[in-house]
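Scope of the values below: all heavy atoms of this structure, side chains included, with no hydrogens, waters or symmetry mates. Chain naming here is simple, since letters A, B, ... match the order of the sequence lines and numbering starts at 1 in each.
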Amino acid sequence: MSYYHNLPLELDENGRARLIDPSGYRVEAHQGSDLDDIVPDGAGELSEEAESAEAESESREVGEEREEELYDINIDPVTRVAGALAFHAKVDLANEQVLEGHSQATLFRGYEIILEGRDPRDAIDLSSRACGVCGAVHSIVSSYALEMAFPVEPPPLGVWARNMGQAGAFLYDHSLHLFLLAGPDYSEAMLSKTNPGLYDLAKETGAPNEHLHGYETVGDIMDALNPLEGELYLEALEKTRDARQMASLMLGKYPHPSTIAPGGVTTTLSRTSFQQFYSRLDDFFDYSKRVAFIWDDLLDFFLRELDGFEHVGERPMNMIGTGIWDDPDAYNARYEDADEWGKARLSTPGVIRDGELVTTDLTAVDVGTEEFVDRSFYEDWTEGEQRFDESPTGEPLSPYHMWNKETTPKPEGKSWREKYTWGTAPRWDRTPMETGPHSRHWLTAMAEEVDNPFIEPTGDGLNLHVPEAGTPEMTLRWKIPDRLNAAERLRAKAYHLAYCALVCYTGFIESLDLLKQGKTDVHTPFEVPKKGVQRGAGFWEAGRGFLTHHIVIEDGVIDNYQILTPSTWMASPADPFGQPGPYEEAARNTPLLEDYTDQEDFSGIDILRGIRSFDPCMPCTVHLHTDERADVITEDVTACGCSFTEGDQPAEEAIRDIIEREGEEAGAD
Amino acid sequence: MCFSNLPLEFDEDGNPYLAEEADDIERPGEHDHAADCGCGTAEGDLDADPEAAYETIVESLPEAAREHVAGDDNGPATRPESVGGD
């Protein structure tokens with residue numbers, strides 16, 4: 001018996017994987033070296049060889065493309081805090097189709113190399129800098145990896161402080177994405193340009209949940225989503241501040257908390273920490289209820305009125321998660337017990353393939369994961385001797401597993417058919433997976449492992465019992481959707497605000513119970529081993545989902561450190577088996593639904609909605625370029641203030657104009 | 001010493017080494033500076049009297065939350081009708 005379809009593994013009577021065929025891990029390098037697909041690198045440079053081949057083929061290709069109305073679309077940057085992300089697509093405007101998509105991480109991060117040879121404790125603070133939006137997840141997951149390696153087990157209040165701080169950080173992260181990053185794609189400012197008829201219809205369509213969120217029509221919601229001036233945009237700004245304060249109360253500061261350590265936290269918690277935490281949480285009970293109903297009304301309208309919207313960003317239902325938010329009664333930092341403490345988490349780990357729950361074992365999530373670099377600017381490392389044949393539970397490890405991976409950068413020219421990214425291609429059982437709040441919901445709902453008075457999985461969905469605050473106690477019902485697309489990623493995220501608030505509330509109640517018992521320790525002392533080889537793995541989740549850090553310590557220093565982020569999964573390039581990464585696949589499945597007449601007024605909003613639904617961490621702006629090779633036309637299709645620019649007006653100037661205009665209007669009032 | 005607080009000195013090549021005074025340096029945690037300046041009053045009150053802290057926090061909560069904190073199962077006393085989603 002085995003749920004592995006592609007790895008050479010079967011399961012024994014205890015459900016542990018065992019190797020069927022050692023040669024089954026072998027991967028044949030993909031065959032593809034067409035020079036005509038080579039494009040300039042980020043600096044616009046081509047190698048001489050590529051330039052020559054490019055010149056021979058260019059006129060013929062462009063001529064053919066024009067006949068078929070094919071255009072290259074380069075979205076660059078689709079910025080991430082951890083490095084720039086760009087996206088290239090080939091679109092057929094006549095047939096309203098995306099023909100190709102390529103996801104490209106344009107910067108090398110290199111944390112793995114920075115950490116090599118250092119004191120293991122440095123990993124927490126250094127790896128934290130991998131992301132400024134998810135500025136606590138990396139330090140926490142790093143502390144998990146060290147806890148396993150040392151080993152050390154945190155006290156219960158230390159576990160809850162981490163849980164509460166992280167759930168607070170997610171309240172910030174998800175509010176940010178819903179209203180500041182993705183929300184503007186559904187705003188009046190955007191729709192009046194890309195789908196004006198749809199906006200007109202929305203203004204005449206009543207919002208079914210008006211009595212719960214206060215917006216009379218769907219068009220009013222779109223108005224409120226307008227960047228910089230919309231009510232929902234501005235409210236979310238306030239909420240992101242409140243949520244970061246919640247995270248800071250538990251973790252000392254945010255981002256990059258300096259109180260995270262193996263064995264818990266070093267935060268000095270006081271009664272005011274808890275009081276201030278609750279006062280902000282109370283507001284989030286109300287806010288999370290409103291947010292769920294706002295997005296329900298908005299997304300249901302799009303799905304009902306915009307033909308084909310259900311295919312925007314659509315992918316097979318393949319999801320993976322490491323789970324998050326530990327139960328201190330179960331968590332002991334031991335890999336051997338990871339399946340038990342994983343299932344006890346407030347968000348269940350696991351894998352869903354084609355909509356079916358495959359496993360909830362954290363060790364299976366780990367053992368089945370590999371990273372490939374065929375299309376990436378790295379050297380393959382598998383020619384040498386494999387460092388670890390087995391996991392700590394004796395299960396086989398692939399040479400492509402993170403404990404065996406080595407990071408050796410190899411920069412070279414970019415080719416869509418060869419190497420084109422600094423990202424890698426993670427796969428579970430050699431299948432592309434996506435992850436995020438939606439996978440947390442999906443896995444927790446299907447697994448029915450969570451036993452919590454406020455978060456109730458039902459097999460086909462979740463009941464989220466949100467307490468009374470300014471509004472009455474209410475149960476939000478999130479149902480597993482029939483398909484996985486941009487709309488359902490965003491809907492799950494909207495409901496996930498309530499989920500995170502309930503994790504905070506659970507932690508708050510559990511923490512008070514510990515105080516009542518006099519259990520105030522938040523940290524367990526530890527020692528760094530000075531001799532021998534130790535390894536550890538941190539399994540946690542970022543706002544965007546799956547997150548692992550794998551560490552190997554040798555004689556007291558880091559010998560290997562590997563970070564695998566959710567964006568690495570989703571922004572991955574094609575793999576050696578010819579499968580595109582999730583962004584790439586979602587873009588290819590996306591129909592072009594905007595109103596356009598030619599390339600000049602084509603914005604690419606549907607592609608952007610598809611990619612942005614994954615939350616690719618865009619702090620400010622996305623510019624979309626349409627180009628025919630050398631001539632690049634830049635159009636603003638931005639997610640925030642830049643969409644207010646007129647012509648070449650800088651964003652700062654546009655923002656200043658808006659503020660001045662608002663000041664004048666206020667004065668007139 | 002070159003530094004006011006750190007027990008470090010430098011040799012003629014500019015390389016740092018531990019000063020003789022290192023053994024006399026007050027280590028972090030040996031003295032409660034926060035208490036000296038009066039700002040440590042609120043901090044650490046959990047350790048001093050966790051039960052009193054518990055009572056203070058609970059008293060500051062709205063009634064519904066107090067019930068959850070004090071309840072046997074920590075859950076809502078009654079489940080409301082489902083009103084969202086689906």
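Contact between A:Arg271 and B:Thr56 at its shortest, heavy atoms only, is NH1-OG1, 3.1 Å. In terms of heavy-atom proximity, A:Tyr278 sits nearest to B:Pro62 at CE2-CD, 3.4 Å. Nearest heavy atoms, B:Tyr54 versus A:Leu512: CD1-O, 3.2 Å.
You'll find the side chain of B:Pro50 stays beyond 4.5 Å of the side chain of A:Lys516, heavy atoms only. Contact annotation: the side chain of A:Phe274 never approaches that of B:Val58 to less than 4.5 Å [non-hydrogen atoms, C-beta and beyond].
Residue A:Asp482 places its CG atom among 12 or fewer non-hydrogen atoms of other residues, nucleotides or ligands, all under 6.0 Å distant. Around CG of A:Asp119, the count of heavy atoms belonging to other residues, nucleotides or ligands within 6.0 Å exceeds 12. Enclosure of atom CD in A:Gln517 by more than 12 non-hydrogen atoms of other residues, nucleotides or ligands within 6.0 angstrom is indicated. Under a cut-off of 6.0 angstrom, the local environment of NZ in A:Lys519 is sparse, with at most 12 non-hydrogen atoms contributed by other residues, nucleotides or ligands.
Taking CD of B:Glu59 as the start and CD of A:Gln275 as the end, the distance is 9.5 Å to the nearest 0.5 Å. To the nearest 0.5 angstrom, A:Thr506 atom OG1 is 10.5 Å from B:His68 atom NE2.
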- Message: As a quick check of understanding, evaluate side-chain contact (heavy atoms from CB on, under 4.5 Å) for A:Phe508 and B:Leu61, giving each step before the final call.
- Response: CA-CA 11 Å; A:Phe508 181 80; B:Leu61 297 175; 3.7 Å; yes
